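Order of listing sets the numbers, starting from 1, for every ligand and every atom in it. This structure is a prediction, so every number in the text was calculated from the model and none was measured.
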Amino acid sequence: PRQFFVGGNFKMNPISRGQKESIISVLNSADLDSTTEIVIAPPSLYLIPLKDTVRSELQVSAQNCYFKDSGAFTGEISPAQLVDAGIPYVILGHSERRTLFHETSEFVAQKTKAALNATLKVILCVGETLPERETGQTAVVVQKQLQAVVDVLQESDWGGVVIAYEPVWAIGTGKVATSAQAQEAHLDIRTFLSQAVSPAVAENTRIIYGGSVTAANCKELSTQPDVDGFLVGGASLKPEFVNIINARR
Ligand code: 13P
């Protein structure tokens, strides 16, 4: 059985430290399902203070990292530095990084390998755009994004990977995938993993859904057999994030 996983991707929010305290105090005092693995990903500036102030049930994640350990790479943070700071997770390949910062699947794969080598766990994001979905290319696009990672990982590396299926058209739009759309995409990913890596990796890897997840739609999505949790953007900054963590209750 795969442990239910809920991540909060704060993106480039909040913009004041006071706002951050209020989100954290809600989480710190809430009644949280102890069977859910919970990870919050604040901007890198807040990683260490957050790690030191959140309850032990909450883990923290970076939103990105580079693939080198150190050196002349202005503006970047390395996997080794995250490990040194006691940060267990990193999000890689988010669609905002692929689109706005031109990250290719090969670059995402290279960073995924480096992060895993450094002992970080990786939330690896994949997903298709609306034109790609409308032309029937969803499975092909997602498989291409995953194949780049399959090409550089060993089978044993996959224990450190959570796959986030985030259709680009659902991110920040209020247009959540239907539970049937999510289930179909997640099952396609699992079938791909079985063939491209191994049946055991397919069975054990969490595949979580992201894109306009809210307290109102999380319950139905969470009943789908291949939906193992969520990566939440906007709603992770609000008290309703607690309801999403508790979706399976
Ligand atoms: P929203 O939940 O705001 O749609 O964002 C999803 C996301 O990108 C999580 O990584």
Side-chain angles (χ1 to χ4, degrees), residues 4-15 19-20 23 26-27 36-44 46-47 50 58-65 87 89-103 105 108 111-112 115 120-130 132-133 138 141-142 145-146 149 161-179 181-182 185-186 189 206-222 224 227-247:
F4 197 67
F5 182 106
V6 175
N9 177 7
F10 292 1
K11 308 193 179 184
M12 203 169 71
N13 302 296
I15 59 160
Q19 258 177 304
K20 170 174 70 64
I23 299 156
V26 167
L27 289 171
T36 304
E37 181 173 6
I38 310 163
V39 175
I40 52 174
S44 53
Y46 301 136
L47 282 167
L50 261 191
L58 267 62
Q59 304 175 84
V60 293
S61 173
Q63 296 177 10
N64 185 29
C65 69
I87 309 302
Y89 269 99
V90 62
I91 297 172
L92 291 172
H94 192 279
S95 79
E96 288 148 19
R97 303 250 19 124
R98 293 178 189 262
T99 306
L100 300 170
F101 304 100
H102 312 295
E103 295 194 6
S105 294
V108 172
K111 299 200 295 178
T112 300
L120 289 171
K121 290 180 269 191
V122 174
I123 301 167
L124 172 67
C125 304
V126 295
E128 83 289 359
T129 63
L130 188 58
E132 288 165 346
R133 171 165 286 266
T138 297
V141 166
V142 170
Q145 292 170 338
L146 288 172
V149 177
V161 179
V162 174
I163 295 174
Y165 169 64
E166 301 206 303
V168 178
W169 48 271
I171 295 177
T173 59
K175 288 186 187 150
V176 67
T178 65
S179 46
Q181 286 173 323
H186 287 221
I189 291 170
R206 269 90 55 90
I207 305 173
I208 62 175
Y209 169 81
S212 297
V213 175
T214 63
N217 61 36
C218 66
K219 281 241 178 229
E220 196 193 325
L221 284 162
S222 75
Q224 300 302 309
V227 174
D228 303 313
F230 301 112
L231 188 57
V232 185
S236 71
L237 297 160
K238 302 179 191 163
E240 72 179 282
F241 189 49
V242 172
N243 302 81
I244 301 171
I245 290 167
N246 295 338

Taking every heavy atom of Gly127 against every heavy atom of Val142, the minimum-distance pair comes out as CA-CG2, 4.1 Å

Ala170 touching ligand 1 at heavy-atom level, < 4.0 angstrom: yes

Is there a donor in the side chain of Tyr165 and an acceptor in the side chain of Glu128, or the other way round, less than 3.5 Å apart? yes

Here the gap from Thr214 atom OG1 to Glu240 atom CD, rounded to the nearest 0.5 Å, amounts to 5.5 Å

Going by the atom numbers of ligand 1, which of them fall below 4.0 Å from some non-hydrogen atom of Glu166? 6 (C), 7 (C), 8 (O), 9 (C), 10 (O)

Below 4.0 Å from ligand 1: does a non-hydrogen atom of Ser212 turn up there or not? yes

Counting the benzene-type ring for Trp, do Phe5 and Tyr89 have ring centres under 6.0 Å apart? yes

I'd like to check which ligand 1 atoms, numbered from 1 as shown, lie under 4.0 Å from a non-hydrogen atom of Leu231. 9 (C), 10 (O)

Ile171, portion touching ligand 1 at heavy-atom distance under 4.0 Å: both

Using only heavy-atom distances, determine whether the side chains of Tyr209 and Gln181 contain a donor-acceptor pair under 3.5 Å. no

Quick one: which ligand 1 atoms are inside 4.0 Å of a heavy atom on Gly211? 4 (O), 6 (C)

Counting heavy atoms only, which of Ser236, Cys125, Gly210, Gly172 comes nearest to atom 4 (O) of ligand 1? Gly172

How far is atom 6 (C) of ligand 1 from its nearest protein heavy atom, and which residue and atom is that? Gly233 N, 3.7 Å

Would you check, one step at a time, whether the test side chain to side chain contact (heavy atoms under 4.5 Å, CB included) holds for Ile171 with Ser212? CA-CA 6 Å; Ile171 295 177; Ser212 297; over 6 Å; no

Looking just at side-chain N and O atoms, do Asn13 and Lys20 make a donor-acceptor pair shorter than 3.5 Å? no

Between Lys11 and ligand 1, is there a nitrogen or oxygen pair with a distance under 3.5 Å? yes

Give a yes-or-no answer on whether the side chains of Glu166 and His94 include a donor-acceptor pair shorter than 3.5 Å. yes

Specify the protein heavy atom at minimum distance from atom 3 (O) of ligand 1: its residue, its atom name, and the distance to 0.1 Å. Gly234 N, 2.8 Å

Nitrogen or oxygen of His94 less than 3.5 angstrom from that of ligand 1: yes

